[in-house]
Amino acid sequence: MSLEILGISVLWLFLFGYVMIGSIDFGAGFFNAYSVITGKRHILTNIIQRYLSPVWEITNVFLVFFFVGIVGFFPKTAFYYGTTLLVPASIALALLAIRGSYYAFESYGSRGHVGYSFMYGASGLLLPASLSVVLTISEGGFIRMHGNNPVLDYQVLFTSPLTWSIVLLAIAAVLYISAVFLTWYANAAGDADATRLLRKYALIWSIPLAITVVGIMVELRKHNEAHYARMVDMWYLFAISALMFIVTVGCIWMKRNYGLALWLLVGQFALAFFGYGISHYPYLLYPHLTIYDSFTNEAMAISLVIAFVLGLLLLVPSLYLVLKLFLFDKDYVRGKGNHHA
Amino acid sequence: MVNEHAVFYSRLLTEFTLTFHIIYATIGVGVPLLIMIAQWIGIQKNDEHYILLARRVARGFVITVAVGVVTGTAIGLQLSLLWPNFMQLAGNVIALPLFMETFAFFFEAIFLGIYLYTWDRFENQKKHFLLLVPVALGASASAVFITIVNAFMNAPQGFELVDGELVNIQPLVAMFNPAMPTKVGHVLVTAYMTSAFILASIAAFRLLKGSNHIYYKKSLYLFMKLGLVFSIATAMLGDFSAKYLVEYQPEKLAAAEWHFKTEKGASLLVFGLRDGEDVKYAIRIPYGLSILAHYNPNAEVTGLDQFPEDEIPPLYIHFLFDLMVSIGFFMVAVSAIYIIGKLRSWRWIHSKWFRWIMVLGGPLAVIAIEAGWWMAEVGRQPWILVNYMKVAEAATSSNHVDLMLLLFCIIYLILGVGSVVVLRRMFKRNPIEREIADRKAEKGGDLS
Ligand code: HDD
Ligand code: HEM
Ligand code: HEM
C-alpha cells in the first residue's frame, strides 16, 4: 500500500469513528430537546447524562484528529479547504461550542434550563448539516479560482439540489444512528419506557434515510458523473450495506436482538462510508486536488505513520477501558450508584 | 496579492482566540498535577480533607476543561482557516508534533472521563488515583507538543527552501529546534505556577469571606508551597529563555529591553517612558542587561541598530516583558514570605491585608501568562516563521473574516461569563462545611 493510501485510509477511519459516535451524540441532543417539548423529559435525560457526558470530550478529539491529520498528511488541503471553508467551519465551531458548554454547564449548573436544552438539540441537527457541506464541496463545481485564490461560490452551493440532498441525508442518518444505538442502550439499562420511545424513533427515521440515499444517487449522477460511475462499479458494497439496513430495521421492528441490530448498523455505515470514500479516490477535491499531488514529503509521512502506530498502542487499550466501564458495565449502565466527582 | 483587510482581521481573531484559550489551557495543564498532589497527600496521610480538596477541584476542572476543549478546537481549525499558506508550509515540516498532540488529547480526555465518573467506584483508593497520572501526563504533553510548534515558528530549522521548493525535510530536527528547550520548560512551569496561585487565591478568598475552616488553611498552605517552588523555577527558566533570545532572536530581546545601540556594559531599563530613543523615568540598573544576557557586566549586547527598520518588532513589548518579570519576582516574594512566616509563626501573615495580596496572586499570574505570550508573539513580528514567511503572506484571502470575528467574540463572551457563573454557583450551593457534613452522615466516619 502506498503511503498516500495508508494516510487517507487512517484519516477516513477516524472520520468514520467521528461520524458514528458524533451521530449518537447529536441525535441524542435532538431527541432530548424533543422530549422536553413533549413533556417526556424524564425518559431520556438520564440516559444522556449517563452515557454522553463522560465521552463527549473523546468524541470531540476524533474530529480534532481528523483535521489535524489531514493537514499533516495532505498539507495542500489547508490551502484549498482552509481558504474556502472559513464560514461553514466557523459556524460548525460555534455549534460545537454550544454542545461542549452544555455538557459542562448543565451537569452541575442549572440543570434543566429549557432554552439551553433547546439550543443543544437544535445544534444536533445543524452540526451534521454544516459539516456535511464539506462533502458536498468536495464533489467539485463550487469553488472558483480567483487568480491564485480559491473562492467558494455560495450561490451555486445553496441552490444546488445536491447540497440539500446531502444535508437531508446527514440529518436522517444522524437521527437513525442515534435512535438505534439508544434503543440498545436503554434496553441494556432495563429502561422499558425509554426503549419503547427510542424504538419508535428508530423505525420512523429509517424511512427518510432510505429515501434520501436514493435521492443522493440521482443528484450525484447529474453533478459528478465520474464519481457516480465509480460508485456504480462498486455496487456490491452498497448492496450489502442495504441488506444490513433491512435486517437492522427488521430486528428493531420485531423487538429482538438489539445488539445484533447495533453491529449491523455499524457494518451498514462502514460499508457505505468506505464505498463512498473509495469511489471518491483519488480526489480530495474534484478536480483541483488528489491525494497524490497534495501529499506531504516522504520523511514527514513516515514519521507521521510511526507516530500513529505508537499512538494507537496507547489508545486502543484506553478506549477498551472506557467501553468496559461505561458501555458494557451492567451496574453503570443501569445507573446504580453515582460516582461522579 | 495580499488582502490587507483579511490580514488585519485574521490577526485580530487569532489574538482573541489564543488570548482566551491560553487562560483555560494553562489551567488545563497545571491543575491535573495539583489535583494529583492533593489526592496523593490525602491517601498518604489518610486525611480526608486533601481527598475532598482533590475532588472539589476536579469538579471545577470539568468546567474549565470544557471551555479549553472548545476554544482549542476553534484555534486548531482556525490555524488552517486563517493562515492557510502558513499551514501548508508548516504541514510539511512541523506537522509531527501537532499530530502527536492529538494523541495526548485523546489520552487525557479518555482518562479524565474515567477519573471523573469513578469516584468511590474502586475499593482501593490508589487505583482511582492512578487514573490521574495519564490525565496529568496527557495535559502536560499537549502543552509540550504545541509549544514545540510555536518554538519552530521562532527558530525554524529542519528543511531547506530551494527555489520555493521545500527539500531535505527532517521532522525531528524541526522539532528539536534551539527555541524548544527553554520555551517548553518555561511554558510548563508557568502553567503549574499559575494554577497553584489560582487555587491558593481561592482558598485565601474563602478565608477572608467568612469560612475559617481548617480545610482552607491546609489548602492555602499547600498551594503556596507549590507556588513558591514553581515560581522560583519560572524565574530560572525565564532567565534561560532570555539567554536563548540573546543568541537566536536578539531583535526580540533588544525591543523588549529598549536597547537601541549595540554596546558593552549595557544597563537594564525597567519600565519608563520613551520618546524616540530617549527613555525617561526608567529604573536604570547599570550593567544589568549585559549580566542578564551574558553573565558578564562588560559583555556586548546587540542593539536594534543592527536590524533593518522593517524587521523590528513593536516596541511596546517592553512593558509586557517588564510586567511579566515583575509579577514573577513579586510572586516569589509573596509565597516565600508566607512560607517563612508560617514556619516562624508570624501572626501578620494571617492578617486581612496579606490575605488580600494572596488573593491577588492568581489573577496576577494569569496576567503574567498573557503578557508573556503577547511579548513572545508580538516580538516575533513581522514574521510568522522567522526569516521565511511574514504574517501578511500567510493569511487567508477570504473576505468574511470580520464577520467571523464578531461571531467568535460572542462565543467567547458567553463561554467566559458562563464558566465563571457556573463555577461560582457550583461551589456556593455546596460549601465545604455542607459537603463534610454530608460525607460524615454517609460514612459515619471521623471527620472534623
Ligand atoms: C506566570 C507567568 C510567567 C512569569 C511569572 C514569567 N514568565 Fe516569562 N513567559 C511566560 C510566562 C511567565 C510565558 C507565557 O509562558 C511565555 C510566553 C511565551 C513563552 O514561551 O513563554 C514567557 C516568555 C518569556 C520569554 C520569551 C521567550 C521567547 O520569546 O522565546 C522570556 C525571555 C521570559 N519569559 C523571561 C522571564 C523572566 C526572566 C521571568 C522572571 C521571573 C519570567 N519570564 C516570568
Ligand atoms: C503554541 C502555539 C502558538 C501558535 C502556533 C501561534 C500561532 C500564531 C500565529 C499563526 C500568529 C500570527 C497571527 C498574528 O500575527 O496575529 C500569532 C500571533 C500572535 N499570537 Fe500566537 N501562537 C501560539 C501561541 C500563542 C498564545 C498562547 C498566545 C496567548 C496570548 C498568543 C498570542 C498571539 C498574539 C498576541 C499574536 C499577535 C502578534 C501581532 O499581531 O502583533 N500566541 N500566533
Ligand atoms: C495555536 C496554538 C494552539 C492550538 C492549535 C491548540 C489546540 C487545541 C485543541 C484542538 C484543543 C482541544 C483538544 C480536545 O478536543 O480535547 C486544545 C485544548 C487544550 N490546549 Fe490548546 N492549543 C494551542 C495552544 C495551547 C497552549 C499554548 C497550551 C499550553 C500551554 C495549550 C494547552 C491545551 C490543553 C491543556 C488543552 C486541553 C483542554 C484543557 O485541559 O483545558 N494549548 N488545544
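Here is how names work: the chains are called A, B, and so on, in the same order as the sequence lines, proteins then strands, and each is numbered from 1.
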Tell me, side chain or backbone of [X] under 4.5 Å from chain A's heavy atoms, or both, or neither?
| X | value |
| --- | --- |
| Met100(B) | side chain |
| Leu407(B) | side chain |
| Val93(B) | backbone |
| Leu166(B) | neither |

Once rounded to the nearest 0.5 Å, what's the spacing between atom [atom1] of [X] and atom [atom2] of [Y]?
| X | Y | atom1 | atom2 | value |
| --- | --- | --- | --- | --- |
| Ser80(B) | Leu86(A) | OG | CG | 11.5 Å |
| Ser318(A) | Ile114(B) | OG | CD1 | 7.5 Å |
| Thr83(A) | Met87(B) | OG1 | CE | 12.5 Å |
| His400(B) | Ser90(A) | NE2 | OG | 11.0 Å |
| Leu77(B) | Leu85(A) | CG | CG | 9.0 Å |
| Ile70(A) | Phe99(B) | CD1 | CZ | 11.5 Å |

Which answer fits [X], side chain, backbone, both or neither, if we ask what part of it has an atom under 4.5 Å from a heavy atom of chain B?
| X | answer |
| --- | --- |
| Phe66(A) | neither |
| Leu319(A) | both |
| Val71(A) | both |
| Phe62(A) | both |

Can you see which heavy atom on [X] is nearest to which on [Y], and at what distance?
| X | Y | result |
| --- | --- | --- |
| Leu96(B) | Ser303(A) | CD1-O, 3.6 Å |
| Ala78(A) | Gln88(B) | CB-N, 4.1 Å |
| Val61(A) | Thr102(B) | CG1-O, 3.7 Å |
| Ala95(B) | Gly72(A) | CB-CA, 3.5 Å |
| Phe408(B) | Leu93(A) | CZ-CD1, 3.7 Å |
| Met300(A) | Ile94(B) | CE-N, 3.8 Å |

With side-chain contact (heavy atoms from CB on, under 4.5 Å) as the criterion, how do Leu321(A) and Phe111(B) come out once you've worked through the C-alpha distance, each side chain's angles and the decisive distance to 0.1 Å? CA-CA 9 Å; Leu321(A) 193 63; Phe111(B) 283 93; 3.9 Å; yes
Ring centres of Phe105(B) and Phe65(A) under 6.0 Å apart? no
Ser101(A) and Val70(B): CA distance, side-chain angles, deciding distance, side-chain contact (heavy atoms from CB on, under 4.5 Å) verdict: CA-CA 8 Å; Ser101(A) 60; Val70(B) 168; 5.8 Å; no
Can any side-chain N or O of Asn297(A) pair as donor or acceptor with the backbone N or O of Asn92(B) at less than 3.5 Å? yes
Just so I understand: if I count every heavy-atom pair under 4.5 Å between each of Ile110(B), Leu82(B), Ile411(B), Leu172(B) and chain A, which residue has the most? Ile110(B)
Answer key: most heavy-atom pairs under 4.5 Å with chain A among Ala174(B), Gly418(B), Pro171(B), Ala6(B) is Pro171(B)
[options]: which one forms the most heavy-atom pairs within less than 4.5 Å of chain B?
| options | value |
| --- | --- |
| Leu152(A), Leu315(A), Leu96(A) | Leu315(A) |
| Trp56(A), Phe308(A), Tyr81(A) | Phe308(A) |
| Ala299(A), Ala92(A), Ala301(A), Gly100(A) | Ala299(A) |

Go through the steps to decide whether Leu314(A) and Phe106(B) satisfy the test side-chain contact (heavy atoms from CB on, under 4.5 Å), and finish with yes or no. CA-CA 9 Å; Leu314(A) 210 64; Phe106(B) 250 126; over 6 Å; no
Is any side-chain heavy atom of Glu101(B) less than 4.5 Å from a side-chain heavy atom of Val68(A)? no
Counting only heavy atoms from other residues, nucleotides and ligands, does the tally under 6.0 Å from OH of Tyr320(A) exceed 12? no
